[in-house]
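We name chains A, B, ... by the order of the sequence lines, and we start the count at 1 in each one. What you see is a predicted model, and the numbers here were worked out from it, not measured in a lab.
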There are 2 protein chains.
Amino acid sequence: MTKGGSGRPRRGRRPGESKTRSAILVAARRLFADQGYDGASIRDIAAQAGVDPALVHHFYGNKEALFTAAMHLPNLPEQLGAALASDPAARAEGRLGELLVRTVVALWEDKALQRTAIGLLRSALTHERAAAMLRDFVRSAILARVADAVEAPDRDLRIALVASQVVGLLMTRYVLHVEPLASATGEEIAHAVGPTLQRYLSGQISM
Amino acid sequence: MTKGGSGRPRRGRRPGESKTRSAILVAARRLFADQGYDGASIRDIAAQAGVDPALVHHFYGNKEALFTAAMHLPNLPEQLGAALASDPAARAEGRLGELLVRTVVALWEDKALQRTAIGLLRSALTHERAAAMLRDFVRSAILARVADAVEAPDRDLRIALVASQVVGLLMTRYVLHVEPLASATGEEIAHAVGPTLQRYLSGQISM
DNA sequence: GTCTATATGATGATAGAC
DNA sequence: GTCTATCATCATATAGAC
C-alpha cells in the first residue's frame with residue numbers, strides 16, 4: 001500500500017506550497033511600494049500576506065533576496081519594446097517622444113507594474129541596491145529600445161534627459177501626487193510632455 | 001566680586017552653547033541628505049557632530065523637530081526670487097525657462113542648500129511630513145515666483161509640469177547620479193532643459 | 001550644558017518542534 | 001510547510017546626576 005492510504009490519489013501540486021509564496025510576493029510588492037525598502041518590515045509583509053514571518057525567511061532567505069524577487073520585472077523591457085514597435089511610423093514622423101510617454105502612462109495602468117516601479121523609485125533613494133536595480137531597469141528598458149533612434153554624438157545625454165523627465169513625471173504624478181498632474185488623463189500628459197521627449201531625442205539640445 | 005572670580009569679564013555668549021546647536025544642525029543636514037529621514041539616526045547625527053545623543057533631544061526635543069529645523073530654508077524663496085528678478089528682460093523675451101534652470105543649478109552650488117534639498121527629496125518618498133514640506137517648498141519657491149508670468153487657464157498644470165522636470169533633473173543628476181547628466185556643466189543643462197521649461201510656461205501644452 | 005543609565009519597543013534572523 | 005520561541009541589535013526617548 002502506498003503512502004497516503006485511502007483511495008484519493010496524490011496528483012498535482014500539494015496545497016499551500018506556491019500559494020503562500022506568491023501571496024508573500026504580492027504583499028511585499030505592495031509594502032515596498034508604500035513604504036520603501038527600509039520602511040517595509042518582514043513582519044508587516046507577512047501579516048499583509050496572512051502568513052507567519054518565519055515563512056518569509058524560509059522561502060526567500062533574507063530581506064534583500066525578497067526585495068529582488070518582488071521587484072524583478074521579467075518582461076517589462078519586452079512589453080515596452082512591443083508597444084514602441086506597434087507604431088513603426090512614429091519613429092520616422094517625429095512622434096516617438098509622444099509614443100514613449102503614451103506607452104509609459106499606459107503600462108502604468110497595470111497595478112503590479114505600478115507597485116513595482118513605485119517600490120523601486122521609493123527604495124532607490126535610500127537603498128543602494130535598489131538604486132542599482134532602477135538604473136539597470138532604466139538602461140535596459142529605455143536606452144536599449146530607443147537608442148538606435150537617436151544619433152551618436154550626444155546619445156547618452158539625450159537618453160539621460162529623457163530619463164530625467166520620465167522619472168520626474170512618475171515622482172510628481174504617482175508618488176508626490178502633485179495636482180493637477182496626478183489626476184490628469186494619459187492623453188493630456190502625452191500632449192504636454194510628448195514634445196519634450198521628442199526634442200530630447202532628436203531636437204537641438206547642446207550649445 | 002562678581003561670579004567668575006578673576007579679572008576676565010563675562011561678556012558675550014557663554015561657550016559651548018550655540019556652537020553645539022549648530023554643529024548638530026549641520027550634521028543633521030548631512031545625514032538626512034545622505035540617508036533620508038528614517039535612515040539617519042539621532043545617534044549617528046550626534047556622533048557626526050561630536051556630541052552626546054542626549055544633547056540632541058535636549059536641544060530639539062525629538063527627531064521630527066530636528067528634521068524640521070534642519071530642513072528649514074528661511075530665505076530660499078527670496079534667493080530664488082531675487083535671481084529671477086535680476087534679469088527682468090528674460091520674462092518678456094521668452095527666456096524665463098532658461099533663467100529658471102540656470103538659477104536652480106546655480107543655487108545648487110551652495111552646499112548647505114544642496115544638502116537640504118537632497119534631504120527633503122530623499123525623505124519625501126518615505127516620510128509624509130517631509131513630503132508635505134517639499135510640496136510647500138515647491139509651491140512657495142516656484143509657484144509664487146513665476147505664477148504671474150503664466151496665463152490663468154492651465155496655470156496650475158504648467159507649474160506642475162515645470163516641477164516635474166525640475167524634480168526629475170535633481171533626482172537623476174544629484175541623487176541617482178545618472179551620467180552624463182551628473183557631470184554636465186550648468187551651462188549645458190541650461191541649454192538642454194531651458195526650452196522645456198519655457199514651453200511648459202508659455203508654450204502649447206493642452207489638446 | 002553635558003553625560004550615564006535605562007525604559008521601551010521594533011527589527012532581521014535563526015533554531016527547532018510539529 | 002508551518003509555527004513558537006528567542007537572540008542580538010538597533011532605534012527613540014526620558015530621568016536624573018554632575
key: Atom pair distance, as rounded to whole Å: CG in B/L31 and P in D/dA11   = 11 Å
key: Sidechain N-carboxylate O distance under 4.0 Å for B/R122, B/D34   = no
ask   = Given atom CG of A/L55 and atom C1' of D/dC3, what is their separation to the nearest angstrom?
value = 8 Å
query = Rounded to whole angstroms, how far apart are CG on B/D52 and P on C/dA5?
reply = 11 Å
Rounded distance in Å - CD1 (B/I24) to C1' (C/dC3) = 13 Å
inquiry  = Are the side chains of A/V105 and A/R173 in contact, using a 4.5 Å heavy-atom criterion?
reply    = yes
request  = Round to the nearest Å and state the distance from B/F59 atom CZ to C/dC3 atom P.
outcome  = 10 Å
task = Write down the atom of B/A192, the atom of A/L161, and the distance for their closest heavy-atom approach.
result = CB-CD1, 3.7 Å
inquiry  = Which label fits A/F32 and A/Y37: parallel for a plane angle under 30°, tilted from 30 to 60°, or perpendicular past 60°?
reply    = parallel
query = Checking B/R21 against B/Y60: charged group under 6.0 Å from the ring centre and within 45 degrees of the axis?
reply = yes
ask   = Hey, is the side chain of B/T20 poking within less than 4.0 Å of OP1 or OP2 on C/dT2, counting only N and O atoms?
value = yes
ask   = Hey, is A/R135 close enough to A/E128 for a salt bridge, meaning N to O under 4.0 Å?
value = yes
ask   = Which letters describe nucleotides 11-18 of chain C, given B = protein heavy atom under 4.0 Å from base, S = only from sugar-phosphate, - = neither?
value = BBBB----
